[in-house]
Trainee: 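Got a structure here, written out as structure tokens. Questions coming.
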Amino acid sequence: MSELHKDASPAVARAIFEGLGPTERAEVEREAIEKGVEPIEIVRRSLDVLISETGQAAGKSQFIRRSGR
């Protein structure tokens with residue numbers, strides 16, 4: 001992981017968290033309490049999983065469509 005990615009990851013996670021609807025935000029906050037971390041850390045970890053599952057880390061570009069919106 002590059003230094004730029006490490007610096008940008010929390011900022012991206014914060015922007016995503018702030019854009020969540022009330023229900024999604026409550027779920028993230030509940031998980032954060034259970035794990036003893038900040039909600040932003042839950043979102044950041046989710047981003048890391050998403051990146052690894054989609055192959056983005058390997059340089060494979062993919063379009064991801066969110067359902068329900």
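No hydrogens, no waters, no symmetry mates; every other heavy atom, side chains included, goes into these values.
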Trainee: Nearest 0.5 Å, please: how far is CD in E18 from CD1 in I40?
Mentor: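 It is 6.5 Å, given to the nearest 0.5 Å.
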
Trainee: If you take all heavy atoms of A13 and R44, which pair is closest and at what distance?
Mentor: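 Answer, listing the atom of A13 first, then R44: CB-N, 3.7 Å.
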
Trainee: Measure the OG-CD distance between S46 and E41 for me, rounded to the nearest 0.5 Å.
Mentor: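 So the OG of S46 and the CD of E41 are separated by 9.5 Å.
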
Trainee: Hey, could you give me the CD1/CD distance between I16 and E24, rounded to the nearest 0.5 Å?
Mentor: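 Reported value, rounded in 0.5 Å steps: 11.0 Å.
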
Trainee: Taking the side chain as every heavy atom from C-beta outward, state whether K35 and R45 have any pair of such atoms under 4.5 Å apart.
Mentor: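 Contact flag for K35/R45 side chains = yes.
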
Trainee: In chain order, what residues pass the salt bridge (charged side-chain N to carboxylate O under 4.0 Å, His left out) check against E27, with sequence neighbours excluded?
Mentor: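 E27 satisfies salt bridge (charged side-chain N to carboxylate O under 4.0 Å, His left out) with no other residue.
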
Trainee: Report the residues that fulfil side chain to side chain donor-acceptor pair (under 3.5 Å) with E38, sequence neighbours left out, ordered by chain and then residue number.
Mentor: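 Result, side chain to side chain donor-acceptor pair (under 3.5 Å) vs E38: none returned.
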
Trainee: Answer yes or no: are there more than 12 heavy-atom neighbours, outside R25 itself, under 6.0 Å from its atom CZ?
Mentor: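 Yes, enclosed.
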
Trainee: Measure across D48 and S9 and return the closest heavy-atom pair with its distance rounded to 0.1 Å.
Mentor: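 Smallest interatomic distance, heavy atoms only, reads OD1-OG, 4.4 Å.
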
Trainee: When clusters are formed by joining ILVMFWY residues with side-chain heavy atoms under 4.5 Å apart, either directly or through shared neighbours, do V28 and I33 land in the same one?
Mentor: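 As far as the 4.5 Å side-chain criterion goes, I33 and V28 are not connected within one cluster.
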
